[in-house]
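Residues: numbered from 1 along the sequence shown. Just the heavy atoms: all of them, side chains too, but no hydrogens, waters or symmetry mates, feed the values below.
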Amino acid sequence: PEKILKTLLSVEEKILKDPKTIEENIKFYFKLPNYSKELLTHEKMDVDLSQAKSSLLEAEKALEKIENWDEETIKDSLMEIIEKNGIKNGQLLWPMRAALTGSQFSPGAFEVAVVLGKEESLKRIKTAIEKL
């Protein structure tokens with residue numbers, strides 16, 4: 001029940017706009033769709049396959065160390081990577097969000113990671129790294 005509530009809250013705006021799209025907007029929380037590795041890239045954000053892999057490897061290391069799995073701690077850890085590596089936010093957050101959701105359009109990486117939980121988030125990041 002708690003996961004369902006968090007899931008619905010993360011897509012609240014979309015649901016209110018068009019209630020018929022609830023399933024479409026939350027199904028990735030329950031089953032990661034099969035997606036191509038190109039989803040992890042974004043030309044305008046300068047995220048090629050190499051950048052995506054590098055960012056996901058860094059994110060995986062940082063997220064594994066988190067004990068208090070909440071949105072603020074996740075955000076702080078990922079923003080630290082961005083600052084340390086001198087990259088744009090999107091160069092880390094785009095591939096991470098895509099890895100977590102398997103979707104081009106979804107809630108943000110921090111919100112999704114909290115709902116999925118640590119174990120599932122890391123599993124999905126590993127799956128994305130293997131695609132690369």
Quick one: side chain to side chain donor-acceptor pair (under 3.5 Å) partners of [X], sequence neighbours excluded?
X: E60; value: K126
X: D70; value: N68, T73
X: E38; value: S36
X: S55; value: Q51

Checking the side chain of [X] only, and the main-chain atoms of [Y] only, is there a donor and an acceptor separated by less than 3.5 Å?
X: W69; Y: L63; answer: no
X: W94; Y: M45; answer: no
X: K131; Y: Y35; answer: yes

Taking NZ, NE, NH1 and NH2 as the nitrogens, is one of them in K118 or E64 under 4.0 Å from a carboxylate oxygen of the other? no
Is a salt bridge present between E120 and R124, judged by a nitrogen-to-oxygen distance below 4.0 Å? yes
Closest approach of [X] to [Y] (non-hydrogen atoms, all atoms of both residues):
X: K61; Y: K65; result: O-CG, 3.5 Å
X: L92; Y: A59; result: CD1-CB, 4.1 Å
X: G117; Y: S121; result: O-OG, 2.8 Å
X: L56; Y: A128; result: CD1-CB, 3.7 Å

Can you confirm whether [X] sits close enough to [Y] that some side-chain heavy atom of one is under 4.5 Å from a side-chain heavy atom of the other?
X: F110; Y: S77; answer: no
X: P107; Y: F28; answer: yes
X: H42; Y: Q91; answer: no

Hey, what do you get for [atom1] ([X]) to [atom2] ([Y]), rounding to the nearest 0.5 Å?
X: L39; Y: T101; atom1: CG; atom2: OG1; value: 6.5 Å
X: N89; Y: I81; atom1: CG; atom2: CD1; value: 12.0 Å
X: L100; Y: E111; atom1: CG; atom2: CD; value: 11.0 Å
X: N85; Y: E80; atom1: CG; atom2: CD; value: 10.5 Å
X: L49; Y: S54; atom1: CG; atom2: OG; value: 12.5 Å
X: K37; Y: T41; atom1: NZ; atom2: OG1; value: 10.0 Å

With sequence neighbours left out, write down each residue that passes salt bridge (charged side-chain N to carboxylate O under 4.0 Å, His left out) with D76, or none if nothing qualifies.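 Not a single residue meets the salt bridge (charged side-chain N to carboxylate O under 4.0 Å, His left out) criterion with D76.
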Tell me every residue that passes salt bridge (charged side-chain N to carboxylate O under 4.0 Å, His left out) with R97, counting only those two or more places apart in sequence or in another chain.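 Scan of R97 (salt bridge (charged side-chain N to carboxylate O under 4.0 Å, His left out), adjacent residues dropped) gives none.
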Applying a strict under-4.5 Å side-chain criterion to I, L, V, M, F, W and Y, I'd like to know whether I87 and V47 cluster together.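 Per the 4.5 Å side-chain linkage, I87 and V47 are not co-clustered.
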